[in-house]
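Hydrogens, waters and symmetry mates play no part in the numbers below; they use all other heavy atoms, side chains included.
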Amino acid sequence: MNEQNKTVTNDTVPSMAMLQMISAFRSSRAIYVAAKLGLADLLKDRPKSREELAQATGTHASSLYRVMRMLASIGIFAEVEEGLFALTPLAATLLSDAPGSLRAGALSTLGEVSYQTWGEIMHTVLTGRPAFDYVFGMGVWDYRAEHPEVAKTFDEAMANNIEHYNVAVLAEYPFSVFKNIVDVGGGDGSFLIALLKTNPAMNGVLFDLPHVAEKAKRRIAEADLVSRCEVVAGDVFTSVPQGGDAYVLSRLINAFENERAVAVLKACHKAMGGNSKLLLVQRVLPDRVEKSSTAQAVTVMDLQMMVNTGGCERTEAEHRALAESAGFRVTKVVPTQSEMTVIECQHNSEERW
């Protein structure tokens, strides 16, 4: 083939690929507008004109049209006639009532709180301190406690996002050998609810901050699991409930830098019996990053922890070192068909701390 006749694509020209990456935030902000205004919900039953959409959302018709037109250019909505828009499979992921809906995720990830935090990522790079604290004058958990609407959106986003993770983790690790599970930092209870429903002979305790525990109580009651699941409020840095033969920390220690992560693990160590297992459900960074969608997902989440909480994702060796610092030894590492890995630990019989 003549070299001059080769097709030039954005993938083959580095400058074009880089320009797409540089401008990606513009598409993200347009997606946020669509999620915030509930445009997918408005198009659920039939296509609508830009005037109808503007009237329903209280927006400027011409400006809204320009946003819709841009989103249609990347497959989010379809302009079936001039100024008339319809739902597409991509847009359907933003439906509020769709299974696994990503609307709450878009609002949480692309909303003003997250947008302002990431806008100050340079502060974290320069100082090593979370951008969130710098922007809002308090930590992320305190902020959510004072802003229940932000916490609600975040909780909905997490509940929708983790269903895939839950299925993968439950499929790969033999939780059925345990009778009493303590879910430390269990959030709204999504993981523990899935675990208890899969294992009818199992009982559970969900442990989290007071304002989070109240939400978990409601979800556990809705799941008809009150007789098998207790909800306890407290501080993971001081003490956790005793009596479990397995302690699950699902996507928790990545929220903390090493010193605070070790404090959480030591609190678990103190509560656990000698035969109990500690199960860390975490992303695991590769020792050396290569270009891949998996590596991108883990490293982006690492930055999310960096700017929000000061935490981090860790390699397997770093997880082992963290566990050993708290008196544990890693006994098993179980990858799953997701970003999550189950890291099984138990008391280190040779501990000297």
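- Residue-environment remark: CG (D97) exceeds the threshold of 12 foreign heavy atoms within 6.0 Å.
- The hydrophobic clustering, which links ILVMFWY residues whose side-chain heavy atoms are closer than 4.5 Å, places Y247 and V262 together.
- The main-chain N or O of L95 is found under 3.5 Å from a side-chain atom of S101 such that the two form a donor-acceptor pair.
- Taking every heavy atom of both residues into account, C268 and L249 meet most closely at SG-CD1, 3.9 Å.
- Taken together through direct or relayed side-chain contacts under 4.5 Å among Ile, Leu, Val, Met, Phe, Trp and Tyr, I76 and V67 form part of one hydrophobic cluster.
- Under a 4.0 Å N-O distance rule, the pair K152/E149 does not qualify as a salt bridge.
- In this structure, the side chain of R228 engages the main chain of L196 through a donor-acceptor pair within 3.5 Å.
- By the 6.0 Å contact criterion, NZ on K215 is enclosed, its count of non-hydrogen atoms from other residues, nucleotides or ligands being greater than 12.
- Between N199 and F178, the closest side-chain pair of non-hydrogen atoms is not below 4.5 Å.
- The number of heavy atoms from other shown groups lying within 6.0 Å of CD (Q116) is above 12.
- Judged by distance alone, with hydrogens and angles left aside, the side-chain atoms of S108 form no donor-acceptor pair with the main-chain N or O of T153 at under 3.5 Å.
- Of the possible donor and acceptor atoms, none in the side chain of T109 sits under 3.5 Å from a partner among the backbone N and O of A106.
- Atom CZ of R29 is surrounded by more than 12 heavy atoms from other residues, nucleotides or ligands within 6.0 Å.
- The 12-atom threshold is not exceeded at CD of Q337, counting heavy atoms of other residues, nucleotides or ligands nearer than 6.0 Å.
- Within the 3.5 Å criterion, the main-chain N or O of E313 finds no donor-acceptor partner in the side chain of N254.
- Here CG of N258 is found 7.5 Å from CD of E318. Values are rounded to the nearest 0.5 Å.
- Residues V140 and V264 share a hydrophobic cluster, clusters being chains of Ile/Leu/Val/Met/Phe/Trp/Tyr side chains in contact below 4.5 Å.
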Exercise. For Y32 and E112, what are the C-alpha separation, side-chain angles and deciding distance, and is it a side chain to side chain contact (heavy atoms under 4.5 Å, CB included)?
Worked result: CA-CA 10 Å; Y32 171 72; E112 301 310 319; 3.6 Å; yes

Problem set entry | CA sep, side-chain torsions, deciding dist, call: L64, L39, side chain to side chain contact (heavy atoms under 4.5 Å, CB included) | CA-CA 10 Å; L64 180 63; L39 296 177; 4.1 Å; yes

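- Looking only at distances, no side-chain donor or acceptor of E324 sits under 3.5 Å from a matching main-chain atom of F328.
- Here the shortest heavy-atom pairing between D245 and I181 reads OD1-N, 4.3 Å.
- With a 4.5 Å cut-off on side-chain heavy atoms, M340 and Y173 do not count as touching.
- Side-chain contact of T336 with S338: a donor-acceptor pair under 3.5 Å is present, judged by distance alone.
- Taking every heavy atom of both residues into account, V236 and V184 meet most closely at CG1-CG1, 3.8 Å.
- No single ILVMFWY cluster, assembled from side-chain heavy atoms under 4.5 Å apart, contains both M138 and Y115.
- Taking all atoms of both residues into account, the shortest heavy-atom contact from V289 to P286 is CG2-CG, 3.9 Å.
- With values rounded to the nearest 0.5 angstrom, Y65 atom OH is found 10.0 Å from E51 atom CD.
- In this structure, the side chain of S276 engages the main chain of G244 through a donor-acceptor pair within 3.5 Å.
- F132 is listed as a side-chain neighbour of V113, based on a closest heavy-atom distance under 4.5 Å.
- Taking a 6.0 Å sphere around CD of E82, one finds it holds 12 or fewer heavy atoms contributed by other residues, nucleotides or ligands.
- The structure places CD1 of I253 at 4.5 Å from CG of L280, a figure rounded to the nearest 0.5 Å.
- V248 is connected to Y165 through a chain of hydrophobic side-chain contacts under 4.5 Å among Ile, Leu, Val, Met, Phe, Trp and Tyr, so both are in one cluster.
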For this session: Take R50 and M68 through the side chain to side chain contact (heavy atoms under 4.5 Å, CB included) test and state the conclusion after the steps.
Result: CA-CA 8 Å; R50 60 184 178 180; M68 294 287 290; over 6 Å; no

For this session: Could you walk me through whether R251 and M301 pass the side chain to side chain contact (heavy atoms under 4.5 Å, CB included) test, one step at a time?
Result: CA-CA 11 Å; R251 298 173 307 138; M301 190 52 62; over 6 Å; no

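- Taking the side-chain hydrogen bond (donor to acceptor under 3.5 Å, both in side chains) definition, one finds that R260 meets it with nothing, sequence neighbours left out.
- A donor-acceptor contact shorter than 3.5 Å is absent between the side chain of R103 and the backbone of A34.
- Atom CG of L192 and atom CD of E230 lie 11.5 Å apart (nearest 0.5 Å).
- Taking the centre of each ring, Y143 and F154 stay at or above the 6.0 Å mark.
- Considering OG1 of T299 and CZ of R283, their distance stands at 11.0 Å, rounded to 0.5 Å.
- Under a 3.5 Å cut-off, the side chain of Q282 and the backbone N or O of I343 do not form any donor-acceptor pair.
- Residues L42 and A56 approach most closely at CD1-CB, 3.9 Å, considering heavy atoms.
- Judged purely by atom type and a 3.5 angstrom limit, D41 uses its side chain to pair as donor or acceptor with the backbone of S96.
- With sequence neighbours excluded, no residue forms a side-chain hydrogen bond (donor to acceptor under 3.5 Å, both in side chains) with K48.
- Contact between E120 and Y134 at its shortest, heavy atoms only, is OE1-CE2, 3.6 Å.
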